[in-house]
Amino acid sequence: MNRGEKGMGMFVINGGNKLHGSLFVKGAKNSMLPIMAASVLNSSDETINLYNIPDIYDMHVMKKILQSLGAEVHFENNALQINVRNLKSYNISDDLMREMRSSIFLMGPLLSKLGKVRVTYPGGCSIGPRPIDLHFKGLEAMGAVIREENGAITASAPRLIGTEIHLDYPSVGATENLMMTAVLAKGKTVIHNAAKEPEIVDLQNFLNAMGARIRGAGTETLRIDGVKDLGDCSYKIIPDRIVAGTYLMAAAITGSNLLVKGIIPAHLDAVVAKMREAGVVIQAADDSLEVIQSNLKAVETLRTLPYPGFPTDLQPQMMALLTLAKGDSTIIESVFEARFKHVDELNRLCANITVDGRTAFVRGVNKLFGAEVDTTDLRAGAALILAGLAAEGTTVIKNIQHIDRGYERIENDLKKVGADIERVQMLK
Ligand code: UD1
């Protein structure tokens, strides 16, 4: 199967193996997607080269969207070439919008480049309502006129004007969309209460390499001086901190010694701190983290927060880990409203978790037992893999197309370090 196709499949895991050796982490999905979208801002005829690109489903969707707009996009050996000299369309089809929430990232860049954009409401993971009001408010503040009719959203702006924007919440996507819009707007834009995620810094560095003038990424205030045009560049995407965290937790839940390489350890400070609190011994080096050993114990409270807090994208995996910890842990999901769909599935493996609103209570058990489970979203799927690696017996995880959205053939990495995991492809 080509990785750009969404195949129905399942993972069959025989739990209990220890992991050993090392894993290398590729580029971050959440950096790559806005950066691919930002590539349409190139006003030269030259090609943008992006490196360290993971071969994941969402990359292929963004590639398809760019191609549908008239861009030439080529992917080979974890590198992308994007040329937008023939970009014409400002209309993203409903089918493609539904495939992936990140399609909304194209709203700002297309509006900037073509003065008009037409989209529909984006799809994505089923982790609760994900409004886009903050994106709209910011675009309107810069002079866009946005109309919604029969599910279609049209924005137009003959000229975007820099302004002061205060985000009600430090939304990652809204911050990125507005940065991409402001780079070519007339005058200065200041974004207050901006998201501080490392992926925002990566987007700033990429846009500045194209000729933009942005300062402040990584802090809560972004200052953007509009420029007349942007050119091509070559750029290497930062490593994926969520994949790195998933692998560290895979080592911890199986009581293994594993080295996770090619990463920026500082991006995982909050995660490493919580894992240490949970009894995991972790050693840090310049570009790696190594799980040495684990004696899992409960953590008092784990609360997901915007960066530099504990990332919501590692909450399900950390919950899987805590199911086998000694004692009771409390997890509060403060970023998304309904991100506990993995709880019922973990309980099928004999975990003991109850939920009250946005709080989950995890009562540690001695053992998990293999069962058949279903995955409804990307990180929930990763959590089930971790639980399956630790469980006694065989775990079957269905609907793994969700996992392929953000992990490049995760089974190959895990097999390489000793896991017993197989992908079983279903005939359509
Ligand atoms: C990004 C990440 C996702 C991660 C999330 C939070 C990408 C491609 N995805 O998603 O993996 O889980 O950050 O770290 O980078 N909100 C509003 N109005 C808006 C926008 C957001 O109310 O206009 C709310 C959302 O409903 C949610 C919260 O803000 O409750 C955080 O969302 P946001 O930071 O925007 O996440 P995404 O950019 O969608």
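Start at 1 and go down the list; that is how both ligands and their atoms are numbered. As the structure is a prediction and not an experimental result, all values here were calculated from the model.
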Visitor: Assess the side chains of D202 and Y235: does a donor N or O sit below 3.5 Å from an acceptor N or O?
Guide: yes
Visitor: Of S102, P306, P131, P34, which has the heavy atom at the shortest distance from atom 26 (O) of ligand 1?
Guide: P131
Visitor: Could you check whether any heavy atom of H135 sits closer than 4.0 Å to an atom of ligand 1, since that is the contact criterion I want to use?
Guide: yes
Visitor: Taking a cutoff of less than 4.0 Å between a non-hydrogen atom of the residue and any ligand atom, is R339 in contact with ligand 1?
Guide: yes
Visitor: Of all the atoms in ligand 1, which lie at a distance below 4.0 Å from a heavy atom belonging to I132?
Guide: 19 (C), 23 (O)
Visitor: Does ligand 1 come near enough to V172 that some N or O of the ligand is less than 3.5 Å from an N or O of the residue?
Guide: yes
Visitor: Which atoms form the tightest heavy-atom contact between N52 and K26, and what is the distance?
Guide: OD1-CA, 3.7 Å
Visitor: Any side-chain donor paired with an acceptor under 3.5 Å for H166 and E164?
Guide: no
Visitor: Does N30 reach ligand 1 with a nitrogen or oxygen that is under 3.5 Å from one of the ligand's nitrogen or oxygen atoms?
Guide: yes
Visitor: Which one holds for D313 and ligand 1: side chain close, backbone close, both close, or neither close, with close meaning a heavy atom under 4.0 Å?
Guide: side chain
Visitor: Given Y169, F105, F336, which has its nearest heavy atom closest to atom 29 (O) of ligand 1?
Guide: Y169
Visitor: Inspect the contact between R303 and E333 and indicate whether a charged nitrogen and a carboxylate oxygen are less than 4.0 angstrom apart.
Guide: no
Visitor: Does any donor atom in the side chain of S334 or R358 lie under 3.5 Å from an acceptor atom in the other side chain?
Guide: no
Visitor: Can a donor-acceptor pair be found between the side chains of D55 and H60 at a distance below 3.5 Å?
Guide: yes
Visitor: So, regarding L134 and ligand 1 (criterion: nitrogen or oxygen to nitrogen or oxygen, under 3.5 Å), is there a contact or not?
Guide: yes
Visitor: Checking side-chain polar atoms at under 3.5 Å, does N91 have a donor or acceptor matched by the opposite partner on S89?
Guide: no
Visitor: Side chains of H342 and Q315: donor-acceptor distance under 3.5 Å anywhere?
Guide: yes
Visitor: Is the shortest N/O to N/O distance between K29 and ligand 1 below 3.5 Å?
Guide: no
Visitor: Going by the atom numbers of ligand 1, which of them fall below 4.0 Å from some non-hydrogen atom of V335?
Guide: 27 (C), 28 (C), 30 (O), 31 (C)
Visitor: Would you tell me whether N399 and T375 have side-chain atoms, one donor and one acceptor, within less than 3.5 Å of each other?
Guide: no
Visitor: Under 4.0 Å, heavy-atom basis, I'd like to know which part of T312 is in contact with ligand 1: side chain, backbone, both or neither.
Guide: side chain
Visitor: Which part of I242 is near ligand 1, with near meaning a heavy atom under 4.0 Å away: side chain, backbone, both or neither?
Guide: neither
Visitor: With atoms numbered from 1 as shown, which atoms in ligand 1 lie under 4.0 angstrom from a non-hydrogen atom of G173?
Guide: 35 (O), 38 (O)
